[in-house]
Each structure stands twice: as structure tokens, then as C-alpha cells.
Amino acid sequence: MSRNPRLSSGVGLERSCAEMRSDWLRSRGPESGVEFLEAWFQGRAYRKHRHDTYAICQTTRGVQAFEYRGSHEVSLPGQIVVLHPDEVHDGYAATEAGFGYRQLYIDPALIFDAARTLRRSPGPLPFVLRPVLSSDILADAIDSAFSGNREPLAIDSLVLQVAAGLLRADPSVRDLADPNRFDMAALRGARAFLDAEKNRVVRSAELEAITGLSRYELARQFRLVYGTSPYRFLLMRRLDEAREQIVRNRALGDVAFDAGFADQAHFSRTFKAAFGLTPARYRTLREPTATGIR
């Protein structure tokens, strides 16, 4: 089997076609330094290998087992596995039923920058002593990564959340950034820019240039002041504009394109996740009723 050597998920995956009859994996990325992997395996999944990224994994079904740092580890559904860069490990099903998981491979340089933002002072990469743990922060990060958008601003929020989860699980970390440290001029500028550019994808570097803040510092402060991430704020402005276009009876494909979505299906999924209704259903409900009331 051939593999792409640039993909962290490909390293150590050396299975014959016969062995993979019931196994599968889907990988996307790297995108802005993050690769997304979903997989299902029965029996042995990976031979011993190592990669140069963090691997943040959530077991979704079955029982996942692996050898790591000289110990035999087991992960149950819902638990998080944290594998550090350049650490040798393997992977296999602990039962005949097999196991499924979702995993993020993240460039350590991104984690370092995000962790530096969250700490009071510079420090080394976060180090989690126990490779299998329960972490609401990391579980939420993985859920959002595999259910949400992967635009640049969304990746920034994801990396910051993962870094926060790793720091929380690192017993050597004591002091984190003062949550009351805000640059309100920068935050107002970022919000105004996002409001004005609501019909397109905004890049992290654009906000850095406008605010003078790093992407992770901006994401941290923005959430604390405005209650959401820069990506989510921009997304909701795009969807607000789309709602107005839907009411004007424009074709949904055109609405999706103008709102900056890749296609109508992506737009419909995002719209439903935000408002609980499909765009078509929303249009029907906004049409005048028999009494003339909207």
C-alpha cells in the first residue's frame, strides 16, 4: 500500500488489502496545521511508529488498546488519548468487536504558541502524564472539530481549546493568563472588521494585522468579552445575511454562494445547526400566512 508521507495518519499504517476488509479510515488535511482522521479497525490497526505531531484522540466505539511508554493502555468510548510528538506507540482492538475513533493531529508549534498565550509566562510544550484521560475540554474540542467548519478562524479556536485542555491536564502547569486582560480597541476593531466582511472567509493573518494581537490572544480575549469565538461571530453574521436573502425568495444555491459556503449542502447543514431549521423550512415559515401575519 502507498501512503502520503506528509500525513501523520499514514505513518505506521501498513496493512494488506486482505487485512482491511472490515477496516476503514477517512483523513482530511493538514489544514492550517491540523489533520482530521476518523477510523474503524478490527484486530491490529497500527504497528509501532511515531509521528512529529500531537495526536489527540477520542474513542467512539469499542475498546482501543495500545503500547505506549512501556505500558499497556486501554481507552473506552468517550475517553481521550493524548500521544505526544515523537513518542513510539501502536494500536489495536482490545476485543473482537473492533474499535472506532476520531483523532486530531496538530503541529506542536501551534500548541506552543497557543499555550504561551494561555500561560502567564513562557514554558515548554504541555506534557500529559497519563495518556488516557477524561477531559470535557478536549472532548468538546474533538466534537466541534468533526461537526463544525474548518475555516482558518475555526482552526484557531480549535487549537486554543486543545492547548487549554492539555495545560489543564499537565500537572506542572500552575499559572494561566489573567482572564481580565483585554485590549478593547483591538477587540472592537476585530468585531467591526468581521461585521463588514461577513460575506467571505476571513483569514487569521488579516485579524492579526488589524488588531496587533496574535490569533490565539485574539481568540482568547474575543470569547471572554463577546461570549463567542471570532469564527462563530463571523459565521452567525453570514447566516443572518443569508436569512434575509432567503426571505427575499432568492435561490438557495445563490444564497449559499453569496454567504461564502462551498455548496448548498454545506450551507444547509450549517444553517440547521445554528437555527434548528433547514433553509427551505425557514423560508416556508416566513411566508405570509392566511391571516397575513408573518
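Both backbone and side-chain heavy atoms feed into the values below; hydrogens, waters and symmetry mates do not. It should be emphasised that the depicted structure is a prediction, and the values quoted were computed from it without experimental measurement.
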If we only count heavy atoms from C-beta on, is the Phe146 to Leu104 side-chain gap below 4.5 Å?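 Side chain of Phe146 against side chain of Leu104, heavy atoms only: contact under 4.5 Å found.
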Indicate yes or no: at least one non-hydrogen side-chain atom of Ile137 is less than 4.5 angstrom from one of Arg168.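 Of all side-chain heavy-atom pairs linking Arg168 with Ile137, at least one is under 4.5 Å.
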Decide, yes or no, whether a salt bridge links [X] with [Y] under the criterion of side-chain N to carboxylate O below 4.0 Å.
{"X": "Glu244", "Y": "Lys198", "result": "no"}
{"X": "Arg200", "Y": "Glu197", "result": "yes"}
{"X": "Lys48", "Y": "Asp90", "result": "no"}
{"X": "Glu217", "Y": "Arg220", "result": "yes"}

[X] (side chain) donor-acceptor with [Y] (main chain) under 3.5 angstrom:
{"X": "Gln103", "Y": "Ala55", "answer": "no"}
{"X": "Ser75", "Y": "Val132", "answer": "no"}
{"X": "Glu208", "Y": "Arg215", "answer": "yes"}
{"X": "Arg283", "Y": "Arg250", "answer": "yes"}
{"X": "Asp86", "Y": "Arg50", "answer": "no"}
{"X": "Arg269", "Y": "Ser147", "answer": "no"}

Quick check on the hydrophobic clustering: are [X] and [Y] connected, directly or via other members, by side-chain heavy-atom contacts under 4.5 Å?
{"X": "Leu252", "Y": "Phe257", "value": "no"}
{"X": "Leu76", "Y": "Leu138", "value": "no"}
{"X": "Tyr216", "Y": "Leu166", "value": "yes"}

Quick check for you: to the nearest 0.5 Å, what is the distance between [X] atom [atom1] and [Y] atom [atom2]?
{"X": "Arg237", "Y": "Glu241", "atom1": "CZ", "atom2": "CD", "value": "11.0 Å"}
{"X": "Asp113", "Y": "Leu160", "atom1": "CG", "atom2": "CG", "value": "11.0 Å"}
{"X": "Thr211", "Y": "Phe193", "atom1": "OG1", "atom2": "CZ", "value": "10.5 Å"}
{"X": "Asn199", "Y": "Gln245", "atom1": "CG", "atom2": "CD", "value": "8.0 Å"}
{"X": "Asp107", "Y": "Asp52", "atom1": "CG", "atom2": "CG", "value": "7.5 Å"}
{"X": "Phe127", "Y": "Asp170", "atom1": "CZ", "atom2": "CG", "value": "8.5 Å"}

Please name the pair of heavy atoms, one in [X] and one in [Y], separated by the smallest distance, quoted to 0.1 Å.
{"X": "Gln42", "Y": "Gly98", "answer": "CG-CA, 3.8 Å"}
{"X": "Arg238", "Y": "Gly260", "answer": "NH2-O, 3.1 Å"}
{"X": "Ile142", "Y": "Cys57", "answer": "CD1-C, 3.8 Å"}
{"X": "Ala114", "Y": "Val159", "answer": "CB-CG1, 4.0 Å"}
{"X": "Phe271", "Y": "Ile246", "answer": "CE1-CD1, 3.8 Å"}
{"X": "Ser27", "Y": "Glu35", "answer": "OG-OE2, 2.7 Å"}

Taking the six-membered ring for Trp, are Phe66 and Tyr46 closer than 6.0 Å centroid to centroid? no
I'd like to know whether the aromatic ring centres of His89 and His84 sit less than 6.0 Å apart in this structure.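 Not close enough - the centres of the two rings lie 6.0 Å or further apart.
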Partner set under side chain to side chain contact (heavy atoms under 4.5 Å, CB included) for Ser32, not counting sequence neighbours: Ile155
Taking ring-ring contact (aromatic ring centres under 6.0 Å, His included) as the definition, give me every residue that meets it alongside Phe99, ordered by chain and number, with sequence neighbours left out.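 Partners of Phe99 by the ring-ring contact (aromatic ring centres under 6.0 Å, His included) criterion, ordered by chain and then number, come out as Tyr101.
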Kindly check if the number of other-residue, nucleotide or ligand heavy atoms within 6.0 Å of CG (Asp136) is above 12? no
